[in-house]
Novice: 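Here's a structure for you.
A quick note: this is a predicted structure, and the numbers were derived from the prediction, not measured.
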Amino acid sequence: QVHLAESGGGLVPPGGSLRLSCEASGLTINPYTMAWFRQAPGGEREFVAGVFRSYGRTYYTKSVEGRFTMSKDNAKNTVYLQMNSLKTEDTAVYYCAADRGLILSSLRVPAQYDFWGQGTQVTVSS
C-alpha cells in the first residue's frame, strides 16, 4: 500500500524559511514523477514544483521560482521542498503527490496523480 507522509509545516513570519519532507512507502520514488501542490482556503489545488520521472529536471510555478527548491533523496525515498523568502500568499496546505505514468504535459494537473499525502499546513504571518 502506497503512503506519502508530509512533514515540516508550521507558522513562520514573512521572509522566513521552512523545509517540507515527503517520505514515501510502498513505492520507490525514482521512476515516479514526484510533485508538490498547495491549496489555500477557498482556492483550487495548484502545482508548486515537480520532478518528472527519473530525468532529474525540476519544474516550478513562476511565483516560487528563485525562492523554493525541490530535491530528491532516493536512498531515503524522500522528496523535499526548501522554501525561502516566504510570503503571506504562500500560506496553504502543501501536498506531496506521485504518479508513474503521467506525461510531461500533465505535470501540473492534480487529477493526473494517483497518490497523495495528507498535507501539511504552512502559515506565513507576522
Side-chain angles (χ1 to χ4, degrees):
Q1 185 174 359
V2 174
H3 184 59
L4 303 177
E6 301 101 334
S7 60
L11 171 64
V12 293
S17 297
L18 282 174
R19 188 176 83 152
L20 306 183
S21 300
C22 171
E23 183 174 4
S25 57
L27 62 81
T28 303
I29 65 172
N30 194 42
Y32 279 73
T33 294
M34 302 297 298
W36 289 96
F37 288 79
R38 66 186 180 186
Q39 189 165 15
E44 295 186 352
R45 194 164 296 190
E46 66 167 347
F47 173 83
V48 176
V51 178
F52 180 64
R53 299 185 185 173
S54 59
Y55 298 131
R57 178 176 173 180
T58 308
Y59 298 81
Y60 299 94
T61 192
K62 281 196 178 297
S63 62
V64 308
E65 281 183 351
R67 300 188 298 122
F68 291 11
T69 303
M70 181 176 179
S71 59
K72 291 171 58 176
D73 186 332
N74 292 327
K76 295 183 177 179
N77 221 33
T78 299
V79 297
Y80 303 95
L81 186 68
Q82 177 67 43
M83 305 186 296
N84 299 328
S85 302
L86 282 160
K87 303 176 181 181
T88 56
E89 52 262 44
D90 295 318
T91 295
V93 178
Y94 283 70
Y95 297 91
C96 177
D99 194 271
R100 184 155 186 176
L102 68 75
I103 58 177
L104 183 57
S105 60
S106 297
L107 182 70
R108 292 171 168 78
V109 180
Q112 296 298 317
Y113 287 79
D114 282 340
F115 304 111
W116 291 88
Q118 81 288 349
T120 186
Q121 175 70 47
V122 172
T123 302
V124 185
S125 175
S126 54

Novice: Main chain of R53, side chain of T33: is a donor-acceptor contact present, judged purely on distance under 3.5 Å?
Specialist: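 A pair under 3.5 Å: yes.
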Novice: For a 4.5 angstrom cut-off between non-hydrogen side-chain atoms, does L104 reach Y55?
Specialist: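 They are not in side-chain contact.
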Novice: With a 4.5 Å cut-off on side-chain heavy atoms, are R67 and D90 touching?
Specialist: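 SC-SC contact between D90 and R67 confirmed.
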Novice: Do side-chain atoms of D114 reach the backbone of D99 as a donor and acceptor pair under 3.5 angstrom?
Specialist: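 No; judged by distance alone, with no hydrogens or angles, the pair does not exist.
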Novice: Please identify which of these residues, Q121, R38, Q39, meets the side-chain hydrogen bond (donor to acceptor under 3.5 Å, both in side chains) condition with Y94.
Specialist: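 Per the side-chain hydrogen bond (donor to acceptor under 3.5 Å, both in side chains) rule, the option paired with Y94 is R38, out of Q121, R38, Q39.
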Novice: For a quick test of reading the model, state the closest non-hydrogen atom pair linking A49 to Y60 and the distance between them.
Specialist: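 Shortest heavy-atom separation between A49 and Y60 comes out as CB-CD2, 3.6 Å.
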Novice: Could you tell me if the side chain of L20 sits less than 4.5 Å from the side chain of V122, heavy atoms only?
Specialist: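 Yes, at least one pair of side-chain atoms sits under 4.5 Å.
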Novice: Above 12 or not: heavy atoms from other molecules or residues under 6.0 Å from CD of E89?
Specialist: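 Enclosed.
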Novice: List in chain and number order the residues that pass side chain to side chain contact (heavy atoms under 4.5 Å, CB included) with N30, two or more places apart in sequence or in another chain; answer none if no residue qualifies.
Specialist: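 Applying side chain to side chain contact (heavy atoms under 4.5 Å, CB included) to N30 gives S54, K72, N74.
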Novice: Looking at side-chain heavy atoms only, is the closest gap between L4 and Y95 below 4.5 Å?
Specialist: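 L4 vs Y95: side chains apart.
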Novice: Say whether, by atom type as modelled, one donor and one acceptor occur between the side chain of T91 and the main chain of V124 under 3.5 angstrom.
Specialist: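 Yes, because the side chain of T91 sits within donor-acceptor range (under 3.5 Å) of the backbone of V124.
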Novice: Does a side-chain heavy-atom distance below 4.5 Å link S125 with L11?
Specialist: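 Counting from C-beta outward, S125 and L11 do come under 4.5 Å.
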Novice: Run through N84, V48, T58 and flag the one making a side-chain contact (heavy atoms from CB on, under 4.5 Å) with F68.
Specialist: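 Answer after filtering N84, V48, T58: V48.
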Novice: Are any side-chain N or O atoms of R108 and backbone N or O atoms of F47, one a donor and one an acceptor, separated by less than 3.5 Å?
Specialist: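 No, because the side chain of R108 does not come within donor-acceptor range (under 3.5 Å) of the backbone of F47.
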Novice: Would you find a donor on one side and an acceptor on the other, under 3.5 Å apart, between the side chain of Y113 and the backbone of L107?
Specialist: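 Flag set: sc Y113 to bb L107 pair under 3.5 Å.
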Novice: Would you say the side-chain atoms of E6 pair up with the backbone N or O of C96, donor to acceptor, closer than 3.5 Å?
Specialist: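 Between the backbone of C96 and the side chain of E6 there is a qualifying donor-acceptor contact (under 3.5 Å).
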Novice: Tell me whether M70 is reachable from L102 by hopping between hydrophobic residues (I, L, V, M, F, W, Y) whose side-chain heavy atoms are closer than 4.5 Å.
Specialist: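 No; tracing contacts between hydrophobic side chains, which count when under 4.5 Å, never links both residues.
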Novice: More than 12 non-hydrogen atoms from neighbouring residues, nucleotides or ligands closer than 6.0 Å to CD on Q112, yes or no?
Specialist: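 For Q112, atom CD is crowded (more than 12 foreign heavy atoms under 6.0 Å).
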Novice: Under the 6.0 Å and 45° cation-pi test, does R45 pair with F37?
Specialist: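 Verdict for F37: no cation-pi partner in R45.
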